[in-house]
Amino acid sequence: HSNGSSEGNWSRFFRESDADGSGRLNYLEFANSLFRKLGKWLTIAQEDVRALWNLLDQDMSMEVTQREMMLAIYRLEVETWPEIDDVEIEKTITKLNASLKRRMNAEGN
C-alpha cells in the first residue's frame, strides 16, 4: 500500500529491490537499488550506504527481510522525534481538553 508515506515508499522500495524474489535483500540488491533509484538526485557515499545497511541488518545475517527493514527505518524516524518534557506534555493535554470541551459545548453536549 503505497500512499506516499515513508512506510509506503520503503515498502515499495523493498519489493522493487528484491531482484530474486526471495523476500530478503542482500547488500548488493539494497545498494544497487538505492544508487539506481536515488543516485540521479543525490550524491550518495558508499560509506553512508554501508552505514544504513548496518542499521538495517542488526542481526548481521547479511540479508534483511521487509519487516526488519521497516522496523529499522521506524527506529531511525523515532530517533528524530523531539524530546518533550512534562511541562510541555501538560500544556498539550490542557489545550486538547479545552478544544474538546469547546467542541462538545458547540454540539450541544
Side-chain angles (χ1 to χ4, degrees):
H1 82 319
S2 178
N3 58 4
S5 69
S6 175
E7 180 180 351
N9 290 335
W10 281 108
S11 291
R12 189 176 81 230
F13 173 86
F14 186 94
R15 287 189 310 273
E16 293 173 358
S17 303
D18 185 14
D20 61 5
S22 67
R24 299 176 176 277
L25 294 182
N26 62 41
Y27 177 75
L28 286 178
E29 287 175 313
F30 173 77
N32 289 340
S33 190
L34 198 61
F35 284 118
R36 188 173 59 252
K37 292 177 182 300
L38 299 179
K40 53 189 149 198
W41 294 290
L42 301 170
T43 303
I44 306 170
Q46 186 70 35
E47 300 81 37
D48 292 336
V49 174
R50 179 53 80 175
L52 178 56
W53 175 259
N54 290 340
L55 287 172
L56 300 179
D57 185 24
Q58 300 231 331
D59 64 0
M60 294 184 272
S61 65
M62 306 300 287
E63 57 187 14
V64 296
T65 64
Q66 185 172 355
R67 184 178 188 288
E68 286 174 315
M69 187 174 92
M70 298 308 297
L71 184 57
I73 296 296
Y74 174 76
R75 286 180 179 142
L76 282 173
E77 290 176 349
V78 167
E79 285 180 13
T80 66
W81 291 357
E83 299 242 353
I84 300 175
D85 62 19
D86 289 346
V87 172
E88 283 301 311
I89 292 172
E90 280 293 324
K91 284 182 191 177
T92 302
I93 290 171
T94 300
K95 287 179 185 178
L96 289 171
N97 284 339
S99 177
L100 180 61
K101 285 179 186 176
R102 282 192 303 274
R103 174 174 263 180
M104 289 180 71
N105 288 338
E107 293 175 357
N109 291 324

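In this chain, numbering begins with 1 at the start of the sequence shown.
- Connection of M69 to Y74 is not established within any shared hydrophobic cluster, with ILVMFWY side chains joined at heavy-atom distances below 4.5 Å, either directly or through further cluster members.
- Going from atom OG of S17 over to atom CG of L34 covers 8.0 Å, rounded to the nearest 0.5 Å.
- No side-chain heavy atom of V78 sits less than 4.5 Å from a side-chain heavy atom of R75.
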Working for side chain to side chain contact (heavy atoms under 4.5 Å, CB included), residues R36 and E16: CA-CA 11 Å; R36 188 173 59 252; E16 293 173 358; over 6 Å; no

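- Residue-environment remark: CG (D86) stays at or below the threshold of 12 foreign heavy atoms within 6.0 Å.
- The hydrophobic cluster containing W10 does not contain L71, counting ILVMFWY residues as joined when their side-chain heavy atoms lie under 4.5 angstrom apart, directly or transitively.
- Note: F30 and Y27 have tilted aromatic rings, judged against thresholds of 30 and 60 degrees for the angle between ring planes.
- A donor-acceptor pair is defined here as one N or O able to donate and one able to accept, closer than 3.5 Å; such a pair exists between the side chain of E29 and the backbone of N26.
- Both I84 and I93 belong to a common hydrophobic cluster when Ile, Leu, Val, Met, Phe, Trp and Tyr are linked at side-chain heavy-atom distances under 4.5 angstrom.
- When side chains are defined from C-beta on, V49 counts as touching F35, because their heavy atoms get closer than 4.5 Å.
- A salt bridge does not link R50 with E47: none of the charged nitrogens is closer than 4.0 Å to a carboxylate oxygen.
- Between F13 and S33, the shortest heavy-atom distance links the atoms CE1-OG, 3.5 Å.
- Atom CG of L28 is separated from atom CD of E63 by 12.5 Å, given to the nearest 0.5 angstrom.
- One distance of note links CG of L76 with CG of L55; it measures 5.5 Å at 0.5 Å rounding.
- With D57 contributing its side chain and W53 its backbone, the two residues share no donor-acceptor pair below 3.5 Å.
- More than 12 non-hydrogen atoms from other residues, nucleotides or ligands lie less than 6.0 angstrom from NZ of K37.
- Checking side-chain atoms of S99 against main-chain N and O of K95 turns up no donor-acceptor pair under 3.5 Å.
- Separation of atoms CG (L100) and CZ (R103) is listed at 8.0 Å; rounding is to 0.5 Å.
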Criterion side chain to side chain contact (heavy atoms under 4.5 Å, CB included) on Q66 and D18, from CA distance to verdict: CA-CA 10 Å; Q66 185 172 355; D18 185 14; over 6 Å; no

Criterion side chain to side chain contact (heavy atoms under 4.5 Å, CB included) on L56 and I73, from CA distance to verdict: CA-CA 8 Å; L56 300 179; I73 296 296; 4.1 Å; yes

Test log, rule side chain to side chain contact (heavy atoms under 4.5 Å, CB included), inputs E68 and D59: CA-CA 9 Å; E68 286 174 315; D59 64 0; 3.2 Å; yes

